[in-house]
Amino acid sequence: MIRRPPRSTLSSSSAASDVYKRQGYFSLVQMGVGPALVKYVSEYNAKGDMEAVSGTMSAGIAFTALAGTVAGGVIVLAAPFLIYALRVPDSLYAESVLSAKIAGGSFVFSLLSNDFVAVFSGLQRFDISNKYTTLKSLLTTLLNYILVVADYHLLGMAVGTALINVLGVVGAVILLRRLFPTYRFSPRAAFKHVKTIFSFGIFSFISQIATVMTTRFPELVIGFILGPASVTYFSVAKKLVAVFTTGTSQAASVMFPLASELVAQGEREKIQRTYLKAVRYFMVFSAPFYITFSYLSWNILAAWVGPAFANDASAVMSILSLSYLIASLTVIPAHFLRGFGKVQFIAKFSVGIAVVSAVMLYPLTATFGVVGTAFAVLLTQVISLIYIAYAAKLIGVGVWNFSKTAFSPVLLSLLGGIPFLFINSLFLIDSSSSRVLMLLPVIIYLLCYALCCYFWPGSLGHEIRTSVLTLQFFDQFRRRIPRND
C-alpha cells in the first residue's frame, strides 16, 4: 500500500488509522460481555442445560446489539466533530466524515462478531473460532488493499471493512446454526439471563479498564517528565516483549472455558491436575524467551533497531522482560479464577495494581529516568504474587506445590542463561558485528534450553518427550485440552 498508490492515498491511510483508532475505544461498550459468554456457555454446556446455553447466548447478543447500535449512532452523529478534532486535511474532510459514518453504521456488526467468537470459544470449538477470526482479518486486509489500489482511498476502506463486518455476522450465524441446530433467539430467555451476563461482564470490564491504565501510565509519565523522545526507549523495548506475551496469552486462553467446564462438573482433583499441568507447560514454553529478552537484550535490539539505540534501551528491555516473566506466572491462575467466577477479586486486584503503579511511577521516573520507569513496572508485578497465592488456595494445590511446578522452568532458564553471558562476551560482539552474529547467542541458548527440557530427568522430561514424539502436545492446543492426563 505504501509503495504503489500515490501520496494522496498515504494521507487517506493516515486519516483512516486515526478514525479507526478512536472508534476502537467505543468497543468498551460491550462491558465485558465476551468473557461472560465464554464462562456461562461453557458452564451450562458442561451441565447439559442447553436451554440455559441458548438463553445466555440470546442475552449476550441482545445486550451487544443494543449497546453497539447506540454507540454506532453516536459515531454517526459525532462524525463531523470527530474528524474536525483529528485535524484531517480539508481535502479529505468530506470523505473522512462519510467514512466515519459508514464505520459507525457497521459498528454493531463488528461487536456481534466478537460475541459469536466468544460463543464458539465457550463451546470449546477453537478450530472454528480461530479459522473464523483469521479468515475475517485476511479478507478485510485483502479487500481494503484492492479498493485502495483501485483509487477508492479512504471511502473504499470504510466500505470494505463494513462489508466484511456484515458478512462476518452472516457467516457466524450460519456456523452457529450448524453447530447448535436447536438454538433460536428468544427475547424472554435473553431477559432472564441478562443479569447474570451483566454481573460477570461488569467486573471483567473494570479489569480491562484498569489493565489499560496500568499499561498506558508508564509512557504518559515518561512523556510528561522526560519528554516524548524518551518514550521511544521504553515503548520499543516493551513492544518487542509484548508481542510474545500476547501470543502466549492467547494460546493459554483455552484454559478459561475448560476451567469453567471442570468447575461445573465439580471434579476437584481433575481441576488441580489440569491446573498444575497447564502452569508447567506454559512456563516451560514462555520462561526461556523472557530470560533471553533479559540476558541478551542488547543483541536483540542492536540487530532489530541498531547498536546506538540498544546502548540506551537494553537495560530497560532487560528489566521489562523480568517484569513480564513475573506477570506470566499469573496467566493460568487468571483463567482458572475466571472459571471459578472470581471476577470481582480480579477487578479489585487490577484496580489495586493500577493505583500502586500510578504512585510508584512518578518518583522513580523523576529520579532514575526511563530505567526507573522499568523498575516501577517490575516492582508493581511483584505484588502479583498475592494473586498467585489466592488462586493456589482457592484451587487447593498449595503455594509450595505451585511454586515447584512454575519456578522449576524459570530456574532452569536462569541458570542455563548464565553461561551464555560469557559466550556472548567471547564472541566479542559489538556495534560492528553483523546481525546474524548478534543473534547467534540467542539462537544457541534457545536450542540448548529445548534440548535440556527434552532430556530432563523425571516427569517433566518424560511428558515433553512423549508429547513431542506423538504430537499430542501440539494437537491438544489445536482444538481443546484432552480430558484425561
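Numbers here are sequence positions counted from 1.
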Start with the C-alpha distance between V173 and F116, add both sets of side-chain angles, then the distance that settles side-chain contact (heavy atoms from CB on, under 4.5 Å), and finish with yes or no. CA-CA 8 Å; V173 170; F116 285 110; 3.7 Å; yes

T56 and T196: side-chain contact (heavy atoms from CB on, under 4.5 Å), yes or no, with the steps? CA-CA 8 Å; T56 300; T196 303; over 6 Å; no

Take I102 and L155 through the test side-chain contact (heavy atoms from CB on, under 4.5 Å) and record every step on the way to the result. CA-CA 9 Å; I102 293 172; L155 187 60; 3.6 Å; yes

Passes side-chain contact (heavy atoms from CB on, under 4.5 Å), L240 versus W304? Steps please. CA-CA 10 Å; L240 184 59; W304 182 33; 3.9 Å; yes

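Counting all heavy atoms, side chain and backbone alike, G104 lies closest to I75 at CA-CG2, 3.7 Å. V331 and A252 get closest at one heavy-atom pair: CG1-CB, 3.8 Å. The two residues G60 and D115 make their nearest non-hydrogen contact at O-OD2, 3.1 Å. Closest approach of I346 and R338 over heavy atoms only: CD1-CG, 3.6 Å. Scanning all heavy atoms of the two residues, the minimum distance from A237 to A313 falls at CB-O, 4.4 Å. Between F349 and I383, the closest heavy-atom pair is CZ-O, 3.6 Å.
Interatomic distance, CG of L220 versus OG1 of T215, reported as 11.0 Å (0.5 Å rounding). Here L138 contributes atom CG and I164 contributes atom CD1; the two are 10.5 Å apart, rounded to the nearest 0.5 Å. Here the CD1-OG distance, from I353 to S384, works out to 6.5 Å after rounding to the nearest 0.5 Å. The OG atom of S106 sits 9.5 Å away from atom CG of L163, with the distance rounded to the nearest 0.5 Å. Expressed to the nearest 0.5 Å, how far CG of L361 lies from OG1 of T214 amounts to 9.0 Å. Atom OG of residue S121 and atom CG of residue L123 lie 9.0 Å apart, to the nearest 0.5 angstrom.
The ring-ring contact (aromatic ring centres under 6.0 Å, His included) test applied to F309 returns Y233, not counting sequence neighbours. Applying the ring-ring contact (aromatic ring centres under 6.0 Å, His included) test to F120 and every residue at least two apart in sequence or in another chain returns nothing. Listed by chain and number, the residues in a ring-ring contact (aromatic ring centres under 6.0 Å, His included) with F217 amount to none (sequence neighbours excluded). Taking Y362 as the reference, nothing meets the side-chain hydrogen bond (donor to acceptor under 3.5 Å, both in side chains) condition, with sequence neighbours excluded. Legend: residues meeting side chain to side chain contact (heavy atoms under 4.5 Å, CB included) with S42, ordered by chain and number and at least two apart, are Q124, P257, S260, E261.
A donor-acceptor pair under 3.5 Å is formed between the side chain of N130 and the backbone N or O of F126. S294 contributes a side-chain N or O that, together with a main-chain N or O of S318, makes up a donor-acceptor pair within less than 3.5 Å. A donor-acceptor pair is defined here as one N or O able to donate and one able to accept, closer than 3.5 Å; no such pair exists between the side chain of R125 and the backbone of G122. The closest donor-acceptor contact from the side chain of T367 to the backbone of L364 lies at 3.5 Å or more, if one exists at all. When atom types are taken as modelled, the side chain of K39 and the backbone of F200 share no donor-acceptor pair closer than 3.5 angstrom. Within the 3.5 Å criterion, the main-chain N or O of A189 finds a donor-acceptor partner in the side chain of S186. A donor-acceptor pair is defined here as one N or O able to donate and one able to accept, closer than 3.5 Å; no such pair exists between the side chain of S323 and the backbone of L378. Side-chain N or O atoms of S357 include none that pairs as donor or acceptor with a backbone N or O of A354 at under 3.5 Å. The backbone N or O of A327 lies less than 3.5 Å from a partner atom in the side chain of T330, making a donor-acceptor pair. No donor-acceptor pair under 3.5 Å is formed between the side chain of Y290 and the backbone N or O of I326.
Using a 4.5 Å cut-off on side-chain heavy atoms (C-beta onward), M57 and L176 make contact. Under the 4.5 Å side-chain criterion, counting only non-hydrogen atoms from C-beta, Y93 is in contact with P80. In this structure the side chain of F256 never reaches within 4.5 angstrom of the side chain of F336, judged on heavy atoms. Side chains of I197 and F63 form no contact here, defined as non-hydrogen atoms less than 4.5 Å apart. In this structure the side chain of W298 reaches within 4.5 angstrom of the side chain of P307, judged on heavy atoms. In this structure, F180 and M50 have side chains that are in contact, with non-hydrogen atoms separated by less than 4.5 Å. By the 4.5 Å heavy-atom criterion applied to side chains, M213 and Q208 are not counted as neighbours. F293 has its side chain out of reach of L325: every pair of non-hydrogen atoms, C-beta onward, lies at least 4.5 Å apart.
More than 12 heavy atoms of other shown residues, nucleotides or ligands fall within 6.0 angstrom of atom CZ in F185. The number of heavy atoms from other shown groups lying within 6.0 Å of OH (Y387) is above 12. Other residues, nucleotides and ligands contribute over 12 non-hydrogen atoms within 6.0 Å of the CZ atom of F289.
Applying the salt bridge (charged side-chain N to carboxylate O under 4.0 Å, His left out) test to every pair with at least one member in residues 226-255, sequence neighbours left out, gives these pairs: E219-K238.
Using modelled atom types, one finds a donor on one side chain and an acceptor on the other under 3.5 Å when comparing T365 with T373. For the residue pair S113/N165, the side-chain donor-acceptor check at 3.5 Å is not satisfied.
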